[in-house]
Amino acid sequence: MKLRLIALSALLALGAAQVHAKTFKWSSASDIATWDIHSQNNALQNGIHAAVYESLVYYNSETFKIEPVLATSWTQVSPTQLRMTLRTGVKFHDGSDFTADDAVFSIQRAMAPTSNFTPYIQGIDRVVKVNNNTIDIFTKAFNPVLLNQMTELRMMSKAWAEKNNSVAPKDIKTQDENFAHRNAMGTGPFMLKEWQPDQRLVLTRNPNWWGTAPTNVTEIIYTPVSAVATRMAALLSGEVDFVLDPSPQDLPRIRSNPNLKVIDGIENRTIFFGMDQYRDELVGSDVKGKNPLKDVRVRKALYQAIDANTITRVTMRGLGQATGALVAPQVAGWTEAVHKRLPYDVEAARKLLADAGYPNGFEVDFACPNNRYINDEQICQAVTAMWARIGVRAKLRTMPLVTYFPMIQRHEASIYMLGWGVPTFDALYSLQSLVRTPGPGGDGNYNVGRYSNPKMDALIDQIKVEMDTAKRTALMTEALQLQNDDVAHIPLHNQVIPWAMKRNIEVVHRADNRLDWRLIKVN
């Protein structure tokens with residue numbers, strides 16, 4: 001009789017679990033490129049990885065203040081030594097313990113030559129295990145944004161990586177794979193069940209997760225759909241619950257649908273164009289023996305030929321804020337002065353080209369993604385037409401995210417589109433990655449046009465170590481203005497992000513355009 005009661009209780013518990021089990025089905029334009037957490041620094045991918053792999057600290061989704069995750073506390077022992085106490089009782093998905101050895105290994109792995117996460121280890125000299133649940137992070141100088149950087153450094157099992165030939169991150173610029181590329185094993189609230197690239201990604205709830213969260217989701221199914229009309233049809237028909245990147249033209253229809261809703265928010269991401277300022281002769285151009293993009297007058301002409309307000313109004317349908325700055329307003333270092341764009345002026349652009357020796361313009365390669373940013377391909381098509389008015393014949397080629405980013409990192413584009421979010425909310429992250437001369441320690445890791453200015457390098461190196469907050473902020477503003485003066489890049493706009501979903505879905509909108517898996521509810 002006792003055994004029957006136990007069996008009956010188990011069945012009732014199972015039935016109750018099934019009643020409350022909720023699947024969250026969502027979609028956006030592109031898939032992730034890898035499950036290796038240090039291989040490619042991509043915001044969509046980082047956000048998905050965060051469901052499975054956890055960092056020592058993370059941003060609170062409602063306050064954006066740093067909160068403990070796998071670290072419970074931290075102390076600045078000295079200006080160059082941060083001591084972090086790790087959470088005890090945390091298990092990886094295979095049941096093994098998370099310890100200081102894993103934390104040291106993970107941070108060192110992010111510092112490896114094949115890692116794309118060098119902006120997050122900026123200034124770190126070494127990591128040392130103090131005891132089984134304590135580590136010390138030593139920096140080369142005082143780093144005021146070290147904790148902000150730590151929000152994107154997720155933890156991997158040292159034993160699992162060693163066992164599965166994944167000690168070094170996958171090199172995203174090559175076709176070589178390690179085990180961590182297609183497999184995942186973290187400490188997070190969800191576990192990787194299935195990944196069919198460009199087709200389907202399934203995560204299941206981790207029953208042994210150390211934390212508690214209000215989510216009632218037990219399964220997450222992600223379907224990348226490059227065609228925006230198909231994504232929106234899936235939402236309207238109920239096939240998916242949530243679309244991260246709805247089409248601007250469909251938003252009025254969604255807002256008026258009683259079964260759907262839209263949540264809007266400003267993203268801390270700026271869309272811009274980069275230019276090859278390194279080669280002595282551009283590949284694919286009809287200009288031989290020199291590189292027009294090395295001339296600031298040419299770069300300024302390209303800038304002033306773009307009607308950014310029309311792009312945000314017509315192409316973006318209001319989902320953008322035209323800007324002349326390399327960072328969004330939420331980022332430390334931004335000012336109204338650096339935000340102000342050069343005026344749209346076709347005649348001035350033509351004169352600049354003529355003064356530079358190109359009265360009839362020139363041909364140039366122009367590469368853009370077609371499934372990464374809001375209306376990315378349409379923006380590039382519009383800009384191609386605008387440049388044609390001044391005689392610049394841009395040969396536009398578009399491609400999906402998974403091939404686009406490795407391509408531009410191999411320096412195979414003359415002019416390229418990039419959107420740069422700022423997870424640290426500090427301009428150093430953008431300045432170091434985008435305009436610092438490429439070098440070690442994360443310098444210029446996405447400066448794929450290879451712009452270089454010794455004055456800029458000196459400013460950035462000073463920002464890295466400056467301890468006075470006001471002086472440091474002023475230095476960042478000065479560097480942002482220098483980027484504008486040099487037209488190192490051509491800023492377009494800051495994205496405004498709408499999320500479209502069924503009425504019964506509860507999410508918290510984040511400025512970094514990622515879902516917090518712990519807070520999703522399906523009602």
Side-chain angles (χ1 to χ4, degrees), residues 26-30 42-44 47 224-236 240 242-257 260-273 306-331 334 339-341 344 368-386 398 400-401 404 417-423 425 430 489-502 505 507-515:
W26 70 293
S27 179
S28 73
S30 54
N42 171 287
L44 173 71
V225 180
S226 59
V228 66
T230 308
R231 283 200 306 281
M232 300 317 296
L235 179 64
L236 289 163
V240 300
F242 177 98
V243 172
L244 186 72
D245 44 5
S247 60
Q249 58 268 30
D250 284 327
L251 289 177
R253 178 166 56 140
I254 296 169
R255 293 185 201 275
S256 64
N257 189 318
L260 303 174
K261 63 182 178 181
V262 177
I263 301 178
D264 300 283
I266 297 173
E267 188 184 17
N268 65 343
R269 178 180 306 280
T270 303
I271 308 296
F272 57 87
F273 294 132
I306 297 173
D307 186 350
N309 288 326
T310 294
I311 288 174
T312 57
R313 188 182 72 254
V314 179
T315 310
M316 298 293 292
R317 294 179 183 251
L319 297 179
Q321 173 195 48
T323 185
L326 200 59
V327 298
Q330 306 100 314
V331 178
W334 180 94
H339 171 67
K340 186 177 180 181
R341 285 186 62 83
Y344 166 59
C368 289
N370 57 19
N371 65 350
R372 178 62 190 99
Y373 312 115
I374 297 175
N375 284 357
D376 43 15
E377 185 170 11
Q378 295 92 324
I379 291 167
C380 292
Q381 290 169 344
V383 170
T384 298
M386 291 172 183
T398 64
L401 171 155
Y404 178 78
M417 172 185 270
L418 197 57
W420 201 249
V422 188
F425 291 84
S430 298
H489 300 81
I490 302 174
L492 292 177
H493 55 263
N494 303 313
Q495 284 194 155
V496 175
I497 296 294
W499 290 353
M501 67 205 78
K502 291 179 181 176
I505 300 298
V507 294
V508 176
H509 196 290
R510 289 173 53 112
D512 54 10
N513 196 32
R514 67 176 60 174
L515 288 157

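Since the model is a prediction, treat every value here as computed from it, not as a measurement. All residue numbers refer to positions in the sequence shown, counting from 1.
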Point to revise | Check: Val496 and Met316 side chains under 4.5 Å, non-hydrogen atoms | key: no

Exercise for review: Keeping the roles fixed (side chain from Asp512, backbone from Pro423), state whether a donor-acceptor pair exists under 3.5 Å.
Suggested key: no

Exercise for review: Could you tell me whether the side chain of Ile374 reaches within less than 4.5 Å of the side chain of Ile497, counting heavy atoms only?
Suggested key: yes

**Study point:** salt bridge (charged side-chain N to carboxylate O under 4.0 Å, His left out) against Arg255, all qualifying residues, sequence neighbours excluded
**Key:** Asp264

Review point. Which pair of heavy atoms, one from Glu267 and one from Asn513, lies closest together, and at what distance?
Key: OE2-CB, 3.2 Å

Review point. Does Val228 reach the side chain of Asn375, with side-chain heavy atoms less than 4.5 Å apart?
Key: no

Check your understanding: Is there a side-chain contact between Gln495 and Tyr373 (heavy atoms, below 4.5 Å)?
Key -> yes

Review point. Quick one: does Arg510's side chain have a donor or acceptor within less than 3.5 Å of a partner on Gly265's backbone?
Key: no

Practice item. Output the distance between atom CD (Gln330) and atom CZ (Arg269), rounded to the nearest 0.5 Å. Key: 11.5 Å

**Study point:** Close side-chain approach of Pro246 and Met232, heavy atoms under 4.5 Å
**Key:** yes

Study note, to complete from the structure: Distance col, row Met386:CE vs Ile306:CD1, nearest 0.5 angstrom, shows 7.5 Å

Check your understanding: Which heavy atom in Phe272 sits nearest to a heavy atom in His489, and how many Å separate them?
Key -> CE1-CD2, 3.5 Å

Practice item. Verify side chain to side chain contact (heavy atoms under 4.5 Å, CB included) between Asn309 and Tyr344, making sure each step is shown before the conclusion. Key: CA-CA 9 Å; Asn309 288 326; Tyr344 166 59; over 6 Å; no

Point to revise | Pairwise side-chain contact, Met417 with Pro369, heavy-atom cut-off 4.5 Å (strictly under) | key: yes

Check your understanding: How long is the span from the CG atom in Leu244 to the OG atom in Ser28, to the nearest 0.5 Å?
Key -> 5.0 Å

Practice item. To the nearest 0.5 Å, tell me how far Ile254 CD1 sits from Asn257 CG. Key: 8.5 Å

Review point. What are the two closest non-hydrogen atoms of Ile379 and His493, and how far apart are they?
Key: CD1-CE1, 3.6 Å

Just list the side-chain donor-acceptor pairs under 3.5 Å for residues 317-328, sequence neighbours left out, or say none.
unit_1, atom_1, unit_2, atom_2, d
Gln321, OE1, Asn494, ND2, 2.7
Thr323, OG1, Ala325, N, 3.0
Thr323, OG1, His339, ND1, 2.9

**Study point:** Atom pair CG (Asp376) and CG (Leu418), whose distance is rounded to the nearest 0.5 Å
**Key:** 11.5 Å

Exercise for review: Without swapping roles, check the side chain of Ser256 against the backbone of Arg253 for a donor-acceptor pair under 3.5 Å.
Suggested key: yes

**Study point:** Asp307 to Thr310 - nearest heavy-atom pair and separation
**Key:** OD2-OG1, 2.6 Å

Check your understanding: Is any side-chain heavy atom of Asp245 closer than 4.5 Å to a side-chain heavy atom of Arg231?
Key -> yes

Study note, to complete from the structure: Between Val240 and Ser27, the two heavy atoms sitting closest are CG1-CB, 4.4 Å

Practice item. Heavy atoms only: give me the nearest Thr315-Ala382 pair and the separation to one decimal. Key: OG1-CB, 4.2 Å

Review point. Is the closest side-chain heavy-atom distance between Val383 and Phe273 below 4.5 Å?
Key: yes

Exercise for review: Would you confirm whether Ser30, through its side chain, and Asn371, through its main-chain N or O, come within 3.5 Å as a donor-acceptor pair?
Suggested key: yes

Review point. Distance from Ser430 atom OG to Trp334 atom CH2, nearest 0.5 Å?
Key: 14.5 Å

